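Remarks on the structure that follows.
Every value quoted in this text rests on a predicted model; they were computed, and no experiment measured them.
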Number of protein chains: 2
Amino acid sequence: MSGVRAQQKEKTRRLLIDAALKQLSAERSFSSLSLREVAKEAGLAPTSFYRHFSDMNELGLTLVDEAGLTLRQLMRQARQRIAKGGSVIHISVATFMELIESNGNVFRLLLRERSGTSAAFRAAVIREIRYFTMELCDYLQQANDLDGEVAYMQANAAVTIVFSAGSDALDIDDKVVREQLSKQTIQQLRFIARGAAELSDRRKAGRKN
Amino acid sequence: MSGVRAQQKEKTRRLLIDAALKQLSAERSFSSLSLREVAKEAGLAPTSFYRHFSDMNELGLTLVDEAGLTLRQLMRQARQRIAKGGSVIHISVATFMELIESNGNVFRLLLRERSGTSAAFRAAVIREIRYFTMELCDYLQQANDLDGEVAYMQANAAVTIVFSAGSDALDIDDKVVREQLSKQTIQQLRFIARGAAELSDRRKAGRKN
DNA sequence: AACAATAGCGTACACGTGCACACTCAAATT
DNA sequence: AATTTGAGTGTGCACGTGTACGCTATTGTT
């Protein structure tokens with residue numbers, strides 16, 4: 001196993017993945033992609049596809065995994081910025097919006113497959129979003145000293161709001177309108193943070209009595 | 001124009017609409033439906049389809065319109081229940097969850113086409129959701145005497161949370177888990193309501209000084 | 001050096017698709 | 001009563017699809 005062969009295989013595997021990603025757009029969903037199209041874009045014969053994936057489904061799940069990875073990188077990036085000081089909510093929203101702008105099609109993939117027709121896809125997307133939510137939950141719990149259940153509800157609501165805003169942002173070209181959307185999203189996240197903090201306090205007070 | 005003919009036409013038009021709705025499911029999206037399938041389900045020859053819709057697209061937009069109608073009926077229904085007394089948030093969530101249970105496929109249609117590949121579909125869905133949001137916004141503004149902009153942000157966030165919960169509910173069979181989801185959603189809506197009320201108060205106080 | 005494994009190719013097939021076209025025949029109009 | 005309209009039919013075409021099959025050529029193993 002010198003690797004010359006395996007290395008080449010990995011290379012064309014990436015070619016296929018990238019070919020699929022490249023064809024994704026606002027007008028083109030993964031499910032509308034055909035095996036032949038992807039193979040062609042990768043410069044392969046249709047039948048060679050099977051040397052790497054048994055199925056378009058398998059390719060799709062790989063893409064979802066990669067998208068989840070992107071999401072986790074985003075979280076790390078946001079944390080680094082936060083460590084340098086500034087409003088947590090503001091920085092998080094800004095970082096997320098930058099993802100939308102630079103990796104719109106990856107995000108679209110997640111949004112679409114979350115409500116798609118394949119149970120496996122839906123489960124995979126939900127899993128990735130859950131990771132994301134859980135990481136935020138831990139952070140909130142520690143940073144704001146929240147009740148665990150309350151922190152989860154806040155994290156869940158926050159992720160929902162941010163993803164929805166991201167979805168809206170995908171259809172907005174005007175930079176000014178986008179900024180407006182960010183501002184609104186930030187305010188909504190503050191609503192949630194405020195409500196969560198109060199409930200957490202009330203619960204803690206209840207326990208002491 | 002005695003109507004015997006027009007009446008029959010309307011009847012088979014409904015047949016087509018119902019056929020399409022019938023074929024929608026968790027595993028079957030509208031975009032995956034073919035003209036031939038729909039026509040067959042309606043008991044028509046494929047080519048007869050064109051006497052009623054120029055396109056599958058046109059049928060789809062009609063379905064989205066109907067879904068929007070369903071949404072507005074839901075709002076009315078919730079209001080009637082609220083008038084009889086009880087927690088506004090609780091009743092609203094319960095009513096919405098009933099819609100998910102009885103009209104899951106209609107709701108799925110909205111969710112999917114909102115992030116679909118057709119700009120026209122996306123616009124149509126967004127329009128319907130906006131109507132819904134605006135109606136809620138008016139209600140919140142009047143009932144809670146809120147600042148207009150704040151009321152909109154609250155309505156927008158609330159609809160986002162509820163729709164997301166609805167989307168989750170579609171994949172939950174267990175009634176207990178569903179109830180848990182409802183409880184969580186109610187709590188999240190309270191977070192938002194709390195935060196919105198505070199901001200609105202602060203704004204009003206600011207104006208007086 | 002001989003052999004096995006395998007990435008990639010080209011051909012071929014059956015299938016479902018949207019849609020064009022030329023019909024029929026009942027309802028509506030004149 | 002004569003004519004026009006239009007809802008619904010059946011046939012047929014060109015196209016894109018997934019994938020089975022047998023092949024080549026290169027790498028890895030013995």
Side-chain angles (χ1 to χ4, degrees), chain A residues 1-25 27-63 112-113 116-121, chain B residues 1-25 27-63 112-113 116-121:
Chain A
M1 186 173 69
S2 79
V4 174
R5 201 185 184 101
Q7 202 176 329
Q8 186 55 36
K9 178 164 186 182
E10 193 54 37
K11 214 170 164 182
T12 68
R13 183 188 147 98
R14 263 249 70 87
L15 232 53
L16 281 169
I17 293 176
D18 291 340
L21 281 176
K22 190 176 173 187
Q23 312 214 21
L24 290 180
S25 72
E27 296 80 23
R28 210 82 165 69
S29 73
F30 177 78
S31 53
S32 81
L33 251 52
S34 79
L35 186 152
R36 288 169 110 102
E37 280 176 311
V38 174
K40 189 172 191 176
E41 173 76 36
L44 287 187
T47 45
S48 302
F49 179 95
Y50 295 103
R51 302 289 184 190
H52 304 273
F53 303 97
S54 70
D55 221 47
M56 278 295 283
N57 250 346
E58 206 174 299
L59 209 204
L61 290 176
T62 304
L63 291 187
R112 282 177 178 151
E113 298 311 327
T117 53
S118 156
F121 272 53
Chain B
M1 186 173 67
S2 80
V4 173
R5 203 185 182 99
Q7 203 176 330
Q8 186 56 35
K9 179 164 186 182
E10 192 54 36
K11 214 170 166 182
T12 70
R13 183 188 147 97
R14 263 248 73 85
L15 231 55
L16 280 170
I17 292 176
D18 290 341
L21 281 175
K22 191 178 173 186
Q23 311 214 23
L24 291 180
S25 72
E27 295 80 24
R28 211 82 166 71
S29 72
F30 178 77
S31 53
S32 80
L33 251 52
S34 78
L35 185 151
R36 287 167 110 105
E37 280 177 310
V38 174
K40 189 173 191 176
E41 174 75 35
L44 286 186
T47 44
S48 303
F49 179 94
Y50 295 103
R51 302 288 183 191
H52 303 274
F53 303 97
S54 69
D55 220 47
M56 278 295 283
N57 250 346
E58 204 174 302
L59 209 204
L61 290 175
T62 305
L63 291 188
R112 282 176 178 153
E113 298 310 328
T117 53
S118 156
F121 272 53

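Under a 3.5 Å cut-off, the side chain of Arg28(B) and the backbone N or O of Thr117(A) do not form any donor-acceptor pair. With hydrogens and angles ignored, the 3.5 Å screen pairs no side-chain donor or acceptor of Arg14(B) with any backbone N or O of Asp18(B).
With dG8(D), dT17(D), dA7(C) as the choices, the nucleotide that has an atom nearest any side-chain atom of Glu37(A) turns out to be dT17(D). Side chain of Ala45(A), nearest nucleotide from dG18(C), dC9(C), dG8(D): dC9(C). Side-chain atoms of Leu35(B) lie closest to dC19(C) of the nucleotides dC19(C), dA7(C), dG18(D).
Between Arg13(A) and Glu10(A) a salt bridge is recorded (basic side-chain N to carboxylate O distance below 4.0 Å).
Met56(A) has its CE atom 7 Å from the P atom of dG18(D), to the nearest Å. Look at CZ on Arg51(A): it is 12 Å from C1' on dA25(D), rounded to the nearest Å. Rounded to an integer number of Å, the gap from Leu59(A) CG to dG18(D) P is 12 Å. Look at CZ on Phe49(A): it is 11 Å from C1' on dG18(D), rounded to the nearest Å. The separation between Arg36(A) atom CZ and dG16(C) atom C1' is 14 Å, rounded to whole Å. In this structure, Lys40(B) atom NZ and dG10(D) atom P are separated by 13 Å, rounded to whole Å. For the pair Tyr50(A) OH and dT17(D) P, the interatomic distance rounds to 12 Å; values are reported in whole Å. Rounded to whole angstrom, the span from the CG atom of Leu44(B) across to the P atom of dT9(D) amounts to 5 Å.
Leu35(A) has its side chain within reach of Tyr50(A): a pair of non-hydrogen atoms, C-beta onward, lies under 4.5 Å apart. Ile17(B) is not listed as a side-chain neighbour of His52(B), based on a closest heavy-atom distance of 4.5 Å or more.
Phosphate contact (OP1/OP2 of dT9(D), side-chain N/O of Ser48(B), threshold under 4.0 Å): present. OP1 or OP2 of dG8(C) sits under 4.0 Å from a side-chain N or O of Thr12(A).
DNA chain C is contacted by both His52(A) and Asp55(B); His52(A) maps to the nucleotide lying nearer its 5′ end (nearest heavy atom per residue).
Below the 3.5 angstrom threshold, one finds no donor paired with an acceptor across the side chain of Thr47(B) and the base of dG8(D).
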